[in-house]
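Chain A is the first sequence line, chain B the second, and so forth, proteins listed ahead of strands; every chain is numbered from 1.
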There are 2 protein chains.
Amino acid sequence: MSPRPSAYVLLERVSNLLRAELRSAGAADELEPVHLQALDYLDRANAYSNTPLAVAEYLGLTKGNVSQRLIALERAGYLKRTADARDRRVSHLALTAKGRSLLRAAVPPPHWREALAALPAESVDRLERGLLDLLRALQLAQGGRSFGECRTCRHFVVDGGRYACGLTREPLAAEQTTKICREHAAPELPKTA
Amino acid sequence: MSPRPSAYVLLERVSNLLRAELRSAGAADELEPVHLQALDYLDRANAYSNTPLAVAEYLGLTKGNVSQRLIALERAGYLKRTADARDRRVSHLALTAKGRSLLRAAVPPPHWREALAALPAESVDRLERGLLDLLRALQLAQGGRSFGECRTCRHFVVDGGRYACGLTREPLAAEQTTKICREHAAPELPKTA
DNA sequence: CCAAGTGGTATCGTCGCGATACTATTTTAT
DNA sequence: ATAAAATAGTATCGCGACGATACCACTTGG
């Protein structure tokens, strides 16, 4: 049959389509893709990871640039900022109600929601497994942070029904454990054939 | 076991990583992601599809903007332009030797090449199949152009060992048939469960 | 306690981007 | 045949995303 385009080509295409959709999804509120992505990240980040620097690392942009984007988002009422209790240099960002409602409407972009909903379960499954493997391989190749969910981390500890982070030795609230942690480390390598 | 992040979240993450890698891959030559993507597209586009407008549609950007990017790329010696023989409004873009050598070095970005090479065949297979299904679903949901390979198109005709496009009724050189066509239409819907 | 390191902001210049307006050419109607 | 509509592309403007650099406040570690 017709040979398949390579994975890279497909990913590039998907990436362009996503960016285009995000652009049009944010256009109504005069927001660029980067804004929606920052908001989406912050909505999914745990308490260690909802800082300007973490957003910059997640998006692969400079901290100076991201700082300005976040200030703009805060000024427009999508974010609110709280100071860190222990380290007075760091600030934590949380979505306001306005931010959350924007996010609910705009991301995933409408057509993507449709498309993913229409996709048969086995396709979604293939996609997720393939992407997870790719992300692990990329992580290995470039050695950045993995930004995985807290509870999938090597340092995640369950002790007598209570959760904790083995790295910072701090206890974790239940809702923190399903969020993105910038200190995330994958438990082990996938066994390759 | 640990529940998997949703496909959308994974795609968003992959998309960010790709953009970051492209940014750094192009930085040495003072090129932005958009330039590398335009060059990459043009390198894979067939004779119907190597025009400024097609690039704009592929990238989801306005033709005015893309026109300026392409002028910059041409001025920097990565592209050369030829006028269309029949329609004097359209111009065709081809990579120069300089353009091709840049592309070979920068895309896919080094770490992605490594990662994809390191990925077991079954993961790549899952990824490609999952992404293809997603692209078809997106195509259906948003109704844009599919930008598939010429020979996978509904209008592709093989007649006595010769290739032709059933839409324009023109004969196709063999090397055209493996390239991207902006008029591409998928042959049929995937049979969903 | 001082030096080095770190999270964050301010500011500057470049240029990607959409919007708009325009030209030149082709296609379609009448 | 010719006017009107559509199409490919460019020019230009304003905005603001982005990296680079410099800087400040705070923390950490000798």
Determine to 10° how strongly the helix from C/dC1-D/dG30 to C/dT30-D/dA1 is bent, judged from the axes of its five-pair ends. 20°
Between which nucleotides of DNA chain D, read 5' to 3', does contact with chain B run, using atoms under 4.0 Å from its heavy atoms? D/dA6 to D/dG19
Checking A/Leu11 against A/Leu131 for the side chain to side chain contact (heavy atoms under 4.5 Å, CB included) test, could you report, in this order, the C-alpha distance in whole Å, the side-chain angles of both residues, the deciding distance, and whether it holds? CA-CA 10 Å; A/Leu11 285 163; A/Leu131 288 170; 4.2 Å; yes
List in chain and number order the residues that pass side chain to side chain donor-acceptor pair (under 3.5 Å) with B/Ser15, two or more places apart in sequence or in another chain; answer none if no residue qualifies. A/Ser15
Most 5' of A/Leu61 and A/Arg88 on DNA chain D, judged by nearest nucleotide: A/Leu61
Side chains of residues 99-112 of chain A: which donor-acceptor pairs under 3.5 Å do they make with residues two or more places apart or in other chains?
from     : atom 1 : to      : atom 2 : distance (Å)
A/Arg100 : NH1    : A/Leu95 : O      : 3.1
A/Ser101 : OG     : A/Lys98 : O      : 3.4
A/His111 : ND1    : A/Glu21 : OE1    : 3.2
A/His111 : ND1    : A/Glu21 : OE2    : 3.4

Which donor-acceptor pairs under 3.5 Å do the side chains of residues 29-36 of chain B make with protein atoms, sequence neighbours left out?
from    : atom 1 : to      : atom 2 : distance (Å)
B/Glu32 : OE1    : B/Arg23 : NH1    : 3.1
B/His35 : ND1    : B/Glu32 : N      : 3.0

Contact list for residues 68-86 of chain B, test side chain to side chain donor-acceptor pair (under 3.5 Å), sequence neighbours left out: B/Asn65-B/Arg69, B/Glu74-B/Arg81, B/Arg81-B/Ser91, B/Asp84-B/His92
Passes side chain to side chain contact (heavy atoms under 4.5 Å, CB included), B/Leu17 versus A/Leu135? Steps please. CA-CA 9 Å; B/Leu17 286 173; A/Leu135 280 171; 3.6 Å; yes
Return a single string for nucleotides 5-14 of chain C, one symbol per nucleotide in 5' to 3' order, where B is base contact, S is sugar-phosphate-only contact and - is none, cutoff 4.0 angstrom on heavy atoms. BBBBBBB---
Looking at A/Tyr58, is its backbone amide N or carbonyl O close enough to the side chain of B/Arg13 to form a donor-acceptor pair, meaning the two atoms are under 3.5 Å apart? yes
Show, in sequence, the C-alpha distance, side-chain angles and deciding distance for A/Leu127 and B/Tyr8, and conclude whether the side chain to side chain contact (heavy atoms under 4.5 Å, CB included) test is met. CA-CA 10 Å; A/Leu127 193 53; B/Tyr8 179 77; over 6 Å; no
If you measure from the Lys or Arg side-chain nitrogens to the Asp or Glu carboxylate oxygens, is any gap between A/Arg129 and A/Asp125 under 4.0 Å? yes
Listed once per pair and sorted, the salt bridge (charged side-chain N to carboxylate O under 4.0 Å, His left out) pairs that draw on residues 35-52 of chain B, sequence neighbours left out: A/Glu12-B/Arg44, B/Asp40-B/Arg44
Set of side chain to side chain contact (heavy atoms under 4.5 Å, CB included) partners for B/Ala20, sequence neighbours left out: none
A/Arg23 near the nucleic acid: base, sugar-phosphate alone, or nothing, with a heavy-atom cut-off under 4.0 Å? sugar-phosphate
All side chain to side chain contact (heavy atoms under 4.5 Å, CB included) counterparts of B/Ala38, not counting sequence neighbours: B/Val55, B/Leu59, B/Leu70, B/Leu73
Separation of C/dG18 atom C1' from A/Leu22 atom CG, nearest Å, is 17 Å
What are the residues of residues 34-44 of chain A, sorted by number, that bring a heavy atom to within less than 4.0 Å of DNA chain D? A/Val34, A/His35
Partners meeting salt bridge (charged side-chain N to carboxylate O under 4.0 Å, His left out) with A/Arg89 (sequence neighbours left out): A/Asp87
